[in-house]
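Numbers here simply count residues along the sequence, with the first being 1.
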Amino acid sequence: MAPGDARRRRPFVSRVDPRLAAYGATAILAGILIALLVDQPALRFVGSVTAVAIGFSLIRQAFRIE
């Protein structure tokens with residue numbers, strides 16, 4: 001173990017924003033509903049993938065790791 005390794009700390013979650021996490025979960029659920037309810041295949045794919053991607057990015061921002 002090198003001397004510099006002892007001073008390094010493990011990454012931790014600096015803050016959790018419950019509002020962003022809730023918005024992210026809502027966007028993921030909206031993407032699932034879009035996939036189930038829309039009849040046109042192209043619109044179903046684009047709408048559901050976009051909503052799920054936005055949801056995961058909001059959840060990633062809510063649990064910021066530093």
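- The minimum heavy-atom distance linking V38 with R44 is given by the pair O-NE, 3.0 Å.
- Hydrophobic clustering of Ile, Leu, Val, Met, Phe, Trp and Tyr side chains at less than 4.5 Å, counting indirect connections, unites V52 with F63.
- Residue I34 is grouped with residue L43 when hydrophobic side chains (ILVMFWY) are merged at heavy-atom distances under 4.5 angstrom, including chains of intermediate members.
- Scanning both residues, A21 and A62, for their nearest heavy atoms gives N-CB, 3.6 Å.
- Minimum interatomic distance between G55 and A27 (heavy atoms only, all atoms of both residues): CA-CB, 3.6 Å.
- Grouping the Ile, Leu, Val, Met, Phe, Trp and Tyr side chains by contacts below 4.5 angstrom, directly or via other members, places F45 apart from L36.
- Across A30 and A51, no two heavy atoms sit closer than the pair C-CB, 4.5 Å.
- Between the side chain of T50 and the backbone N or O of G47, no donor-acceptor pair lies under 3.5 Å.
- Taken together through direct or relayed side-chain contacts under 4.5 Å among Ile, Leu, Val, Met, Phe, Trp and Tyr, F56 and I32 form part of one hydrophobic cluster.
- Under the 4.5 Å side-chain heavy-atom criterion for Ile, Leu, Val, Met, Phe, Trp and Tyr, I59 and I54 are members of distinct hydrophobic clusters.
- The OG1 atom of T26 sits 10.5 Å away from atom CG of L33, with the distance rounded to the nearest 0.5 Å.
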